[in-house]
Amino acid sequence: MSNTSLLSYRREEPERAVLYIVGTPIGNLEDISFRALNILKKVSLIACEDTRNTAKLLKQYNISNKLISFHKYSAQEKFNFLISKLISGNSIALVSDAGMPSISDPGNLLVREAKDNNLDVICIPGACAAITALVSSGIDSSEFSFYGFLPKSTKERNIKIRQILESPITTIIYESPKRIIRLLNELKKLFDKEREIVVLKELTKRYEKHFGINIDNIIDKLASLEIKGEFTIVIAGNKKIYDKVELIEKDLKKDLIELIKAGLSHSAASNY
């Protein structure tokens, strides 16, 4: 990047009321852009998941600004306060504890309300654990589904796991250190041994680890470790679904040929 580009980011300053969606590091504090730092300096207020975590980031870069907590347990009054600040002409930066706001947090509700009030919303992109894990896994990244954290209730959780089991495309999910072994054992009961899976912990941090690609090996390795940090799991699609589709297509083609041989026209046989 040229010096000119860096200077242009440093000069960027909100000139109107804008809700900035600002990506922050997922572990390593160096993974933040010049543009994000500039916005965090210039806005009137920073709405964050946990003010203590955001304060650490700001301290690292000698930034001083007003902080207000905003998370899924925030009262409606706080939500209304942020919208009123935007309407009155103040720019706000929305950040999460790590990564991109609105991914597994309630940031999308604030974005939706801002748009409903014809307010400007601009994203300052940054790190995302799901994408970082996906491109690091070696598993097919051409198509994928993201589930975030699975539900805690058994019924809803089983529905999601069944969807993952049958999905023909790659799946990405998050899990806490307290429940990672439970999740892997749940998957082991349903997955065949050929299903590829990569488990990544503490992405971008000093003790980042990748475990794969057989679920039995992953469970054995984790069982011998002191489990800490958040986990991201990347699961290959169920290729046997494609095999079943191919078999069905072959059977349909065979039936079509037999109907035509029996005297039906091609169009009649196709509608049979």
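Fair warning: this is a prediction, and the values are worked out from it, not measured in the lab. In what follows, residues are counted from 1 in the order of the sequence shown.
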Sub-4.5 Å side-chain heavy-atom contact between L19 and D120
no
Between atom OH of Y147 and atom CD1 of I173, what is the distance when rounded to the nearest 0.5 Å?
9.5 Å
Counting C-beta onward and ignoring hydrogens, is there a side-chain heavy-atom pair between V234 and V199 closer than 4.5 Å?
no
Exam field: side chain N238 to backbone L165, donor-acceptor pair closer than 3.5 Å:
yes
Y174 side-chain N/O to A130 backbone N/O, donor-acceptor pair under 3.5 Å:
yes
Nearest non-hydrogen partners of M100 and C123, listed with the distance:
CE-SG, 3.4 Å
Under the side-chain contact (heavy atoms from CB on, under 4.5 Å) rule, what do D31 and N28 come out as? Steps first, then yes or no, please.
CA-CA 6 Å; D31 293 334; N28 192 318; 3.6 Å; yes
In residues 211-221, what donor-acceptor pairs under 3.5 Å come from side-chain atoms, sequence neighbours left out?
from : atom 1 : to   : atom 2 : distance (Å)
N214 : OD1    : D216 : N      : 2.8
N214 : OD1    : N217 : N      : 3.3
D216 : OD1    : K188 : NZ     : 3.0

Taking the side chain from S167 and the backbone from Q163, do they hold a donor-acceptor pair closer than 3.5 Å?
no
Same cluster or not: are I227 and Y207 linked, directly or through other Ile, Leu, Val, Met, Phe, Trp or Tyr residues, by side-chain heavy atoms under 4.5 angstrom apart?
no
Looking at V43, is its backbone amide N or carbonyl O close enough to the side chain of N65 to form a donor-acceptor pair, meaning the two atoms are under 3.5 Å apart?
yes
Distance-only, no hydrogens or angles: does the S91 side chain make a donor-acceptor pair with backbone N or O of V18 under 3.5 Å?
yes
One thing to verify: whether K228 and E226 come together as a salt bridge, which I'm taking to mean a side-chain N less than 4.0 angstrom from a carboxylate O.
yes
Nearest non-hydrogen partners of S145 and I169, listed with the distance
OG-CD1, 3.4 Å
Please check if I159 and I172 belong to a single hydrophobic cluster, counting links between Ile, Leu, Val, Met, Phe, Trp and Tyr side chain heavy atoms closer than 4.5 Å.
no
Hey, could you give me the CD1/CD1 distance between I235 and I139, rounded to the nearest 0.5 Å?
8.0 Å
For the pair I46 and L94, evaluate side-chain contact (heavy atoms from CB on, under 4.5 Å) and give the outcome as yes or no after the intermediate values.
CA-CA 6 Å; I46 301 173; L94 174 66; over 6 Å; no
Determine whether a donor-acceptor pair (N or O, by modelled atom type, separation under 3.5 Å) exists between the side chain of Y61 and the backbone of L29.
yes
Under the 3.5 angstrom rule, does the side chain of E175 hit a backbone N or O of I180 as a donor-acceptor pair?
no
Heavy-atom side-chain proximity of R195 to K239 below 4.5 angstrom:
no
For F81, which residues count as a ring pair (Phe, Tyr, Trp, His ring centres under 6.0 Å) partner, sequence neighbours excluded?
none
How about S176 and F231: do any of their side-chain heavy atoms sit closer than 4.5 Å?
no
Run the side-chain contact (heavy atoms from CB on, under 4.5 Å) test on I124 and S33 for me, step by step, so that the C-alpha distance in whole Å, both residues' side-chain angles and the decisive distance to 0.1 Å come before the verdict.
CA-CA 9 Å; I124 313 298; S33 68; 4.3 Å; yes
What heavy-atom pair brings V198 and S137 nearest, and what distance separates the two atoms?
CG2-O, 3.7 Å
So which heavy atom on S102 is nearest to which on G107, and how close?
OG-C, 3.2 Å
Rounded distance [0.5 Å steps], NZ in K85 versus CG in L119
13.5 Å
What distance separates D97 CG from K56 NZ, expressed to the nearest 0.5 Å?
9.5 Å
Apply side-chain contact (heavy atoms from CB on, under 4.5 Å) to the pair T51 and I68, showing each step before the final yes or no.
CA-CA 7 Å; T51 56; I68 182 173; 5.9 Å; no
Would you find a donor on one side and an acceptor on the other, under 3.5 Å apart, between the side chain of S69 and the backbone of D50?
no
dist C48:SG -> L57:CG (nearest 0.5 Å) comes out at 10.0 Å
Could you pull out all residues at least two apart from E113 that satisfy side chain to side chain contact (heavy atoms under 4.5 Å, CB included)?
F79, I83, D116, N117
Looking at every heavy atom in both I26 and A98, which two are closest together, and how far apart are they?
CA-CB, 3.8 Å
Would you sort out whether R157 and E186 count as a salt bridge (Lys or Arg N to Asp or Glu O under 4.0 Å), showing the intermediate values?
CA-CA 10 Å; R157 188 179 180 87; E186 287 173 332; 2.9 Å; yes
Should we say atom CZ of F144 is surrounded by more than 12 heavy atoms from elsewhere, each under 6.0 Å from it?
no
Main-chain N/O of I181 paired to N185 side chain as donor or acceptor, under 3.5 Å:
yes
Using only atom types and a distance under 3.5 Å, with no angle test, would you say the side chain of T24 pairs donor to acceptor with the backbone of V95?
no
Tightest non-hydrogen contact, residues P125 and R35, listed as CD-NH1, 4.3 Å
At what distance, to the nearest 0.5 angstrom, does CG of L187 lie from CZ of R182?
11.0 Å
Just so I know, are the side chains of P25 and T204 near enough to count as touching, which here means a heavy-atom distance under 4.5 Å?
no
